[in-house]
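Worksheet: one structure, shown below.
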Amino acid sequence: MDVMGDKATLFETGRFVQPSGDEDDGEAAEELRQRLAAEAGDVEAMSILGAMLLRRGDLDGAEPHLRAATAAGDRAAANNLGVLLHQRGYADEAAGWWRIAAVAGSAPAAHALGRHHRERGDEPAAEYWLRQSAEQGHVLGAYALADLLDHRADPESERWMRAAAERGHREAAYRLARALDRRAARESGDDDRDDPCAEAEQWYRQAAARGHRRAALHLGAILEKRGELKEAGRWYLTSAKDGEPRAACALGFLLRDAGDPDSAAAWWLKAAQEGDGNAANALGALHAERGETQTAERWYRAAMDAGDVNGAYNLGLLCAEQGRTAQAEQWYRRAAYAGHREAANALAILLLRGGDQTGAEPWFSKAAEAGSVDAAFNLGILYAGRGEEKAALGWYERAAAAGHTEAALQVGMARLREGDELEAERHLRCAAGGGSAEAAYRLATVLDARRPPASQHELGESLQSLHEKTECEEWYERAASQGHRRAQVRVGMLAAARGDVVEAARWYREAAEAGSRNGAFNLGLLLAREGSEPEAAMWWTRAADAGHGRAALRLALVYARRGELVESQRWADRAVSLGPGEVSERAARLRDALREELSA
C-alpha cells in the first residue's frame, strides 16, 4: 500500500496553511503559536500541531497531540492519527481510527479506509468506503473507486475516472484518455488510425501538462501523426527528460528525420541504456549505415536481449549483407520462430536462393498468413514458376489488395490474357499509380487500343486542340520517363506523328542508348529524313546487330547506293535471316540482284 499520508489526507481541513520552503521562520513561528494554544487546551491547535509534526516526520512528537485532539472529537486528528499508525506499521489500529473519522464524515479517512480494505481483498467494504469518499468530492477517493471498478470491468469506472480527472488527478486523466482511445479504436476497427479521439487528446494534454510522462509520450505521437512535428518534439522531449525511454526513442527518430543524426543517436543511446529495444535497433541501423558493423551488431544484440525480435531480424540482414549466409539463416530463423513475418519471408528467400524450394514454401506461407505482403507476392512467383497459375494468381490478388505494385501488375496482365479488359485496367491503374513503368505502359496500350481512328480535322480547328495529349499518351510518357524503352519508342512515334522531330529524336535516342533496337531503327529513319545518312547508318548498324531485320535491309540499300556491293550483300543476307517475311522477301530480291551484278 502506498503511504496514505499524502497532503490531501494529512491536511483534511483548510485551517492549516502550508508554508513554502523559503518561509522556515514563519513556519517556526506558526508552530510555536499552535503549540502554545495546544498547551492551553485548544483542540483545533492540537490537531494542526500534530499534522505539522507528522508532515515533518516527527511521529513521536505528533502522536500525543493527535491522540488528544482525537479524544476531543476532532475528525481530522482521527484521520491523521490513522496515517501516523499506518506509517508505524499498525495497519489494523490505523483502520480503526480511519473508521471513526470516516463515520464522522471525513472523506480522506473514508478513502484511506477503502484502500485498506482493498489491500486485504475485501472489495465490497473497499467499494463502500471509497464510494463514500468519492461522493463527497474527494479526488483520491474518486480515482481509487474508478480503479477498483475498472479492475472489475464495471462501466461505471469511466464516470469516476472522469470525476477525478476533472478535479486535476493526472493519472486519472491519462487512464481516461487511454480508455477513450481504445474504445475509439475498437469502434473504428483500426488501432493505427490517423484521427485519434479528440476527447482522448484533450485528456492526454491535461495529464501531460501536469507532468505525466506517458501522457506526454502519447500526446507527442498524436501530434507527430498529424504532422505537427515541432509540438510533438516538445512533448517527446518533456517525457524523455522525465525518464520515459519510448519518448527518447521517438524523439531520436524525429531528429533523424530532421537531418540531425548525432542528436538522434544521443537520445537513442539514452533510451537503449534504459532497455528500449527499438532505440537499440535504431542505433544498430545508424552504425550499420556508417559501415561500423561490429558496433551495429552489438546494438542489435542489445535490442534482442531487451526482447525486441527486430534485433534478431536485423542481425540476419547484417549477416546477409556480409555474405555470412549460415549466420543470417540462424538469426532469421530465431526471429521467424518468434513470429516476425518479414524474417520468415527473408528466411524463405534465403532458402530459395540456396535451392531449397521445399523448405522455403512453408516460411513464405507463414509470413503471408501473418500479413506480409511481400511474402504473398513471393508465393505467387513460386507457384507461377511451377506452372500453377491459378494458385499464383490467388496470392498475387492478395498482395495486390494490400497495395503491392508488382502484384497488381501481375493480376492486370493475367486479366488481359483472360480478356477481362475492365478488371485488367483497374489493376494496371493501381500498379501504374504505385510507380510501375511496365504497368503504365500496359495501361497506355489498353487505352490506346480504344482510341477511334484519327480523322481529318475540320476547317477552323485549332492546331493546339489537335495536339492535346490523350490519357494514353500521358501514361506512355510516364512510363518513358521511368526508363521504359518500348514506351520511349512509342512516345517518339507520337511526337513524330505530330511533327515534333526534336522531341521524337530525343525519345528515340534515349531508347536506343538503353538498348532498344526499335529505338535505334526509328532514330536512323528520322536522321535519314533530315539528311544525316551516315549517322543514321550507325544507328541502323546497332539495331541490325541486335537482330532488327528492317535495319539490316536499310543498311543493304545504303551500301548498294554507295556502290559497296559486297557489304550490301552481307547486310541483305542478314536481313533475309532476320525477317520478318516481307523484309526477307525484299532482302532476298536485293541479294539476288547483287549477286548477278557481282558475277557479271
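Fair warning: this is a prediction, and the values are worked out from it, not measured in the lab. Scope of the values below: all heavy atoms of this structure, side chains included, with no hydrogens, waters or symmetry mates.
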CE of Met161 to CZ of Arg175, rounded to nearest 0.5 Å, is 4.0 Å
Are Trp235 and Arg205 side-chain neighbours, meaning at least one heavy-atom pair lies under 4.5 Å? yes
Heavy-atom pair with the smallest gap, counting every atom of Trp395 and Ala368: CZ3-CB, 3.6 Å
So, do Leu352 and Leu350 sit near enough that their side-chain heavy atoms are less than 4.5 Å apart? no
So which heavy atom on Ala172 is nearest to which on Ala165, and how close? CB-N, 3.7 Å
Would you mind reporting whether Glu231 and Arg234 have side-chain heavy atoms less than 4.5 Å apart? yes
Under 4.0 Å between a side-chain nitrogen and a carboxylate oxygen: does that hold for Arg398 and Glu369? yes
With side chain to side chain contact (heavy atoms under 4.5 Å, CB included) as the test, pick out the partner of Arg429 among Arg426, His427, Glu425. Glu425
Output all residues satisfying ring-ring contact (aromatic ring centres under 6.0 Å, His included) with Tyr174, sequence neighbours left out; order by chain, then residue number. His212, His218
Under the rule for side-chain hydrogen bond (donor to acceptor under 3.5 Å, both in side chains), what residues qualify as partners of Arg131, not counting sequence neighbours? Glu127, Glu156
I want to check something: taking the side chain as every heavy atom from C-beta on, are Leu130 and Trp160 in contact at a cut-off of under 4.5 Å? no
With sequence neighbours excluded, what pairs up with Phe377 under the ring-ring contact (aromatic ring centres under 6.0 Å, His included) test? Tyr396, His404
Can you tell me how far CG of Leu443 sits from CD of Glu471, rounded to the nearest 0.5 angstrom? 6.5 Å
CZ of Arg118 to CG of Leu148: how many Å apart, nearest 0.5 Å? 5.0 Å
Verify, without hydrogens or angle tests, whether Tyr313 (side chain) and Ala336 (backbone) share a donor-acceptor contact under 3.5 angstrom. no
Under a 4.0 Å threshold between the charged nitrogen and the carboxylate oxygen, would Glu274 count as salt-bridged to Lys270? yes
Distance alone, cut at 3.5 Å: any donor-acceptor contact between the side chains of Arg167 and Tyr143? no
Quick one about Asn281 and Asn314 (side-chain donor to acceptor, distance below 3.5 Å, no hydrogens or angles considered), yes or no? yes
Could you tell me the separation between the CG atom of Leu494 and the CD atom of Glu473, rounded to the nearest 0.5 Å? 5.0 Å
Check ion pair Arg498-Glu503 (N to O, under 4.0 angstrom): no
Residue list, ring-ring contact (aromatic ring centres under 6.0 Å, His included) with Phe364, at least two apart or on another chain: none
Does a sphere of radius 6.0 Å around CZ in Arg353 hold more than 12 heavy atoms from other residues, nucleotides or ligands, not counting ones at 6.0 Å or beyond? no
Closest approach of Thr405 and Gly435, non-hydrogen atoms and distance? CG2-N, 4.5 Å
Is the shortest side-chain N to carboxylate O distance from Glu171 to Arg214 below 4.0 Å? yes
Can you tell me how far CG of Asn310 sits from CG of Leu315, rounded to the nearest 0.5 angstrom? 11.0 Å
Rounded distance [0.5 Å steps], CG in Leu229 versus CG in Asp257: 8.5 Å
Check ion pair Arg256-Glu289 (N to O, under 4.0 angstrom): no
Using a strict cut-off of less than 4.0 Å between a Lys/Arg side-chain nitrogen and an Asp/Glu carboxylate oxygen, indicate whether Glu438 and Arg486 qualify as a salt bridge. yes
Just by distance, with hydrogens left out, do Gln327 and Trp331 show a side-chain donor and acceptor under 3.5 Å apart? no
Sequence neighbours left out, what passes side-chain hydrogen bond (donor to acceptor under 3.5 Å, both in side chains) with Glu397? Give chain and number order. Arg415
Thinking salt bridges, do Arg162 and Glu166 make one under a 4.0 Å N-O criterion? no
Listed by chain and number, what are the ring-ring contact (aromatic ring centres under 6.0 Å, His included) partners of Trp507, not counting sequence neighbours? none
